[in-house]
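Remarks on the structure that follows.
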There are 2 protein chains.
Amino acid sequence: MKSSEKKAKAKKKVEMSDEVLEMIADRFRLLSDPMRLRILHTLGDEEMSVTELVKATGAGQANISKHLSVLLNAGVVSRRKEGLNSFYRVSDETIFELCDAVCSHLVKQLEMRRSVLEKLKPLK
Amino acid sequence: MKSSEKKAKAKKKVEMSDEVLEMIADRFRLLSDPMRLRILHTLGDEEMSVTELVKATGAGQANISKHLSVLLNAGVVSRRKEGLNSFYRVSDETIFELCDAVCSHLVKQLEMRRSVLEKLKPLK
DNA sequence: TAACTATATTACTGTATAGTTATATTTGCA
DNA sequence: TGCAAATATAACTATACAGTAATATAGTTA
């Protein structure tokens, strides 16, 4: 017992190198853009061409292509080329788990705020 | 059966407004910075003052304070003032679930790469 | 009251990146 | 071969933001 006699409360923490933190941050940064989230949500479990995504999202073609290349580079989507078309699909489903977790947290948060407002109502 | 006779494959997607996507992106953006991740990881389940966090992380005081105010504003940490000190603690544990999910994904990803390299070894 | 300490805030700088326009590249077709 | 379509890329602009230095604010102590 050497390092655990400081405060008795703190759990021993795993050392986190800057490199690991940077990798985790990179992963979150991937999902920190509304347009990329829109693309991923639009794809769902489907395979879609760039043109289809452009139409579905209303964004510019260059913009969509750029975001897709970011996602492709990160291994979140995969690409299948066929003639003139490039078809993309989500190859890393764990992305959706993260999004779902954030979504349900937001819902919970909004519900809490609503219930607080509800309690204030009678005071009007 | 009207909108479901297009491709038969696509699940009906929930409409996603720009506002909702922006909120989700905001949440991910919070975690897309290595220094904020370092602060959250350093805090863990402890309560710490700004000075303690400055010492533990090696970052500048102004920088730590700014990140803490971002996290406070987002409801991820809470603040307790006592005399000259401000004590912060993580108030939203769901943050750690997200981090854990990303971490285990990274581990899985690295293991996959390692096993690929392992198979290539005999070819040397 | 004056000096000191902890924290917050402001102003500034540099960097990263989202969106856009224009262009390059590749493939299919007349 | 030449044109058209789909996609990718390069160059540019504007914006956001992380880090820092300086300063403000508030509490503590001599």
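By convention in this document, chain letters (A, B, ...) are assigned in the order of the sequence lines, proteins followed by strands, and residues within each chain are numbered from 1.
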Can you measure [X] atom [atom1] to [N] atom [atom2] for me and round it to whole angstrom units?
| X | N | atom1 | atom2 | value |
| --- | --- | --- | --- | --- |
| B:Met35 | D:dA18 | CE | C1' | 10 Å |
| B:Asp33 | D:dA16 | CG | C1' | 13 Å |
| A:Arg80 | D:dA8 | CZ | P | 13 Å |
| B:Ile39 | D:dA18 | CD1 | P | 11 Å |
| B:Met48 | C:dA6 | CE | P | 15 Å |
| A:Ile64 | C:dT21 | CD1 | C1' | 16 Å |
| A:Arg38 | C:dG19 | CZ | P | 12 Å |
| A:Arg29 | D:dA16 | CZ | P | 17 Å |

Determine the minimum heavy-atom distance between [X] and [Y], stating which atoms define it.
| X | Y | result |
| --- | --- | --- |
| A:Ala25 | B:Leu37 | N-CD1, 3.6 Å |
| A:Pro34 | B:Leu21 | O-CD1, 3.9 Å |
| A:Asp45 | A:Arg89 | O-NH1, 3.2 Å |
| B:Lys81 | B:Ser86 | CG-OG, 3.8 Å |
| A:Ser32 | B:Arg29 | O-NH2, 2.8 Å |

Let's see if you can work this out: which of [options] has an atom nearest to the side-chain heavy atoms of [X]?
| X | options | value |
| --- | --- | --- |
| B:Asn63 | C:dT20, D:dT20, D:dA8 | D:dT20 |
| B:Ser86 | C:dA8, D:dA18, D:dA8 | C:dA8 |
| A:Lys66 | C:dT20, D:dT20, D:dA8 | C:dT20 |
| A:Leu84 | C:dG19, C:dG28, D:dT9 | C:dG28 |
| A:Arg36 | C:dG19, C:dA18, C:dA8 | C:dA18 |
| B:His67 | D:dG19, D:dT7, C:dA6 | D:dG19 |

Respond yes when some side-chain nitrogen or oxygen of A:Arg79 is under 4.0 Å from OP1 or OP2 of D:dT7, and no when none is.
no

Short side-chain N/O contact from B:Tyr88 to OP1 or OP2 of C:dA8, under 4.0 Å
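B:Tyr88 to C:dA8 OP1/OP2: side-chain N or O found under 4.0 Å.
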
Counting any heavy atom closer than 4.0 Å, what does [X] reach on the DNA or RNA strands: base, sugar-phosphate only, or nothing?
| X | value |
| --- | --- |
| B:Ser65 | base |
| A:Asn85 | sugar-phosphate |
| A:Lys81 | nothing |
| A:Ser49 | sugar-phosphate |
| B:Phe87 | nothing |

By nearest heavy atom, map A:Gly83 and A:Ser32 onto DNA chain C; which one lands nearer the 5' end?
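Result of the comparison: A:Ser32.
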
Assess whether atom CD of B:Glu93 is packed by more than 12 heavy atoms of other residues, nucleotides or ligands within 6.0 Å.
yes

Scan every strand shown for a Watson-Crick or G-U wobble partner of D:dA30, both distances under 3.5 Å, and answer none if you come up empty.
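C:dT1 - that is the nucleotide pairing with D:dA30, both distances being under 3.5 Å.
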
Answer with yes or no whether A:Gln61 presents, from its side chain, a donor or acceptor under 3.5 Å of a partner atom in the base of D:dA8.
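A donor-acceptor contact between them is present.
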
